**Student:** 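Here it is, the structure, as structure tokens.
The sequence lines fix the lettering, A, B, ..., with proteins before strands; numbering per chain opens at 1. Bear in mind that the values here come from a model prediction, so they are computed numbers and not experimental data.
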Amino acid sequence: MKLATWNVNSLAVRLPQLLDWLAANPVDALVLQETKLTDDKFPTMEIGAAGYQVQWFGQKTYNGVALISKTPASAVVKNIPGFADEQARVIAGTVAGVRVVGGYFPNGQAPDSDKFQYKMGWLQALQDWLRQELQTHDKLVLMGDFNIAPEDRDVYDPVAWAGQIHCTPEERAHFQALLGLGLSDAFRLFEQPAKSWSWWDYRNLAFRKNQGLRIDHILVSAALKGAVKSCVIDKLPRKNERPSDHAPVLVEIEL
DNA sequence: ATGACTCACGATGTGAGA
């Protein structure tokens, strides 16, 4: 089973790239972030024509998530149950016996901002909900744009980024708390090249200079950990014309 | 250097992203 996550930064702009990518990477399930589309504008026909099922949950201008899968997703959940949220950030469903949770974690903007406080509350609510989900779904994958660089090796310039958004101790503690639920960072189950990033700023020729962050992640539950065969970041779409600033991350699990 | 780019909204700029 192959799963992937990709922050497309506007599905209206990136739909052709998504369809190309799916043709080249026929994954069993893919979660998208930052679709930036209201539900009435979601391109269900195009994705269906590509041979995929899709669940979607969006809003105007910002956020928006989707769960694309070869077989239909069941028990679909939108946003974190019990956590009142005006922002469309989570979509979950069971695909081929695996609980797939896709998330667009809040950015947080700056550690002293209201948006950071919202991020902290959101992360706590996610953790509390996932603790429950894991009780009923031993095979669970949490993936998406976490907007957290878990360690200094996930940051191109950790000195400059120290204490900055995505790198604060508070955010990293929340990432560790997710691992504390029994989840594992699939990417770190394998030897990986140094300076592996999933996001590069549009500015400053950052991609060309490979100045980025690893903030898109795939976490697998203990029941899946031993079955993970590979986890890679696909930099190819970042080389497209008009790319998303994020690259897809893929995992292969032998079920 | 409160920058740089890209996106949505819907404007001739502004906010947000990360």
**Student:** How are the rings of A/His246 and A/Trp199 set relative to one another: parallel (under 30°), tilted (30 to 60°) or perpendicular (over 60°)?
**Tutor:** tilted
**Student:** Starting at the 5' end of DNA chain B, which residue's closest nucleotide do you reach first, A/Lys41 or A/Gln87?
**Tutor:** A/Lys41
**Student:** What is the separation between atom CG on A/Asn240 and atom P on B/dC5, rounded to the nearest whole Å?
**Tutor:** 20 Å
**Student:** Tell me: CZ of A/Phe116 to P of B/dA18, nearest whole Å?
**Tutor:** 15 Å
**Student:** Using the P atom as the point on both nucleotides, what is the distance between B/dT2 and B/dG13, in whole Å?
**Tutor:** 23 Å
**Student:** Let's see if you can work this out: which of B/dC7, B/dG17, B/dG10 has an atom nearest to the side-chain heavy atoms of A/Ser10?
**Tutor:** B/dC7
**Student:** Looking only at side-chain N and O atoms, does A/Asp128 offer a donor or acceptor that is under 3.5 Å from a partner on A/Gln132?
**Tutor:** no
**Student:** Would you classify A/Asp145 as touching base, sugar-phosphate or nothing, given that sugar-phosphate means primed atoms plus P, OP1 and OP2, and contacts are heavy atoms under 4.0 Å?
**Tutor:** sugar-phosphate
**Student:** Expressed as a whole number of angstroms, how long is the span from A/Lys36:NZ to B/dG17:C1'?
**Tutor:** 7 Å
**Student:** Strictly below 4.0 Å: does A/Gln109 bring a side-chain N or O up to OP1 or OP2 of B/dA18?
**Tutor:** no
**Student:** Does A/Asp85 reach the side chain of A/Ile80, with side-chain heavy atoms less than 4.5 Å apart?
**Tutor:** no
**Student:** Write down the distance separating the P atoms in B/dT12 and B/dA1, rounded off to the nearest Å.
**Tutor:** 31 Å
**Student:** Determine the contact category for A/Asn7: base if any of its heavy atoms lies under 4.0 Å from a base atom, sugar-phosphate if only primed atoms, P, OP1 or OP2 are that close, otherwise nothing.
**Tutor:** sugar-phosphate
**Student:** Heavy atoms under 4.0 Å, any strand shown: does A/Leu213 hit a base, just sugar-phosphate, or nothing?
**Tutor:** sugar-phosphate
**Student:** Select base, sugar-phosphate, or nothing to describe what A/Asn147 touches, counting heavy atoms under 4.0 Å on all strands.
**Tutor:** sugar-phosphate
**Student:** So if I take every side-chain heavy atom of A/Thr61 and compare against B/dA4, B/dG17, B/dC9, which nucleotide ends up nearest?
**Tutor:** B/dC9
**Student:** Is the distance from OP1 or OP2 of B/dA18 to the nearest side-chain N or O of A/His246 less than 4.0 Å?
**Tutor:** yes
**Student:** Distance check needed: B/dA8 P versus A/Leu11 CG, whole Å only.
**Tutor:** 10 Å
**Student:** Relative to the 5' end of DNA chain B, which residue comes earlier, A/Lys115 or A/Arg203, by the nucleotide with the nearest heavy atom?
**Tutor:** A/Arg203
**Student:** What does A/Gln164 touch in the nucleic acid at a heavy-atom separation under 4.0 angstrom: a base, only the sugar-phosphate, or nothing?
**Tutor:** nothing
**Student:** Looking only at atom C1', what distance separates B/dG15 and B/dG10, rounded to whole Å?
**Tutor:** 13 Å
**Student:** Please state the P separation for the pair B/dA11 and B/dT6 - nearest whole angstrom.
**Tutor:** 23 Å
**Student:** Evaluate the ring planes of A/Phe42 and A/Trp56, with Trp represented by its six-membered ring, and classify them as parallel (under 30°), tilted (30 to 60°) or perpendicular (over 60°).
**Tutor:** parallel
**Student:** Starting at atom OH of A/Tyr202, determine the distance to atom P of B/dG3, rounded to an integer number of angstrom.
**Tutor:** 18 Å
**Student:** Can you tell me how far C1' of B/dA8 sits from CZ of A/Arg242, to the nearest Å?
**Tutor:** 12 Å
**Student:** Would A/Arg188 and A/Asp154 pass as an ion pair if we require N to O under 4.0 Å?
**Tutor:** yes
**Student:** Give a yes/no answer on whether the side chain of A/Tyr156 brings an N or O atom under 4.0 Å of OP1 or OP2 in B/dA18.
**Tutor:** no
**Student:** Please check if atom NZ in A/Lys195 has more than 12 non-hydrogen atoms from other residues, nucleotides or ligands closer than 6.0 Å.
**Tutor:** no
**Student:** Mind telling me whether A/Trp6 and A/Trp21 have parallel, tilted or perpendicular rings, with 30° and 60° as the class edges?
**Tutor:** tilted
**Student:** Tell me: CH2 of A/Trp200 to C1' of B/dT6, nearest whole Å?
**Tutor:** 16 Å
**Student:** Separation of A/Asn63 atom CG from B/dC9 atom P, in whole Å?
**Tutor:** 12 Å
**Student:** What distance, rounded to whole Å, do you find between the two P atoms, one in B/dC7 and one in B/dA18?
**Tutor:** 14 Å
**Student:** Nearest to the A/Lys60 side chain among B/dG17, B/dA8, B/dC9, which nucleotide is it?
**Tutor:** B/dC9
**Student:** Does the base of B/dA18 carry an N or O that pairs as donor and acceptor with the side chain of A/Asn107 under 3.5 Å?
**Tutor:** yes
**Student:** Any base atoms under 4.0 Å from A/Phe146, or only sugar-phosphate, or nothing? Heavy atoms, all strands.
**Tutor:** nothing
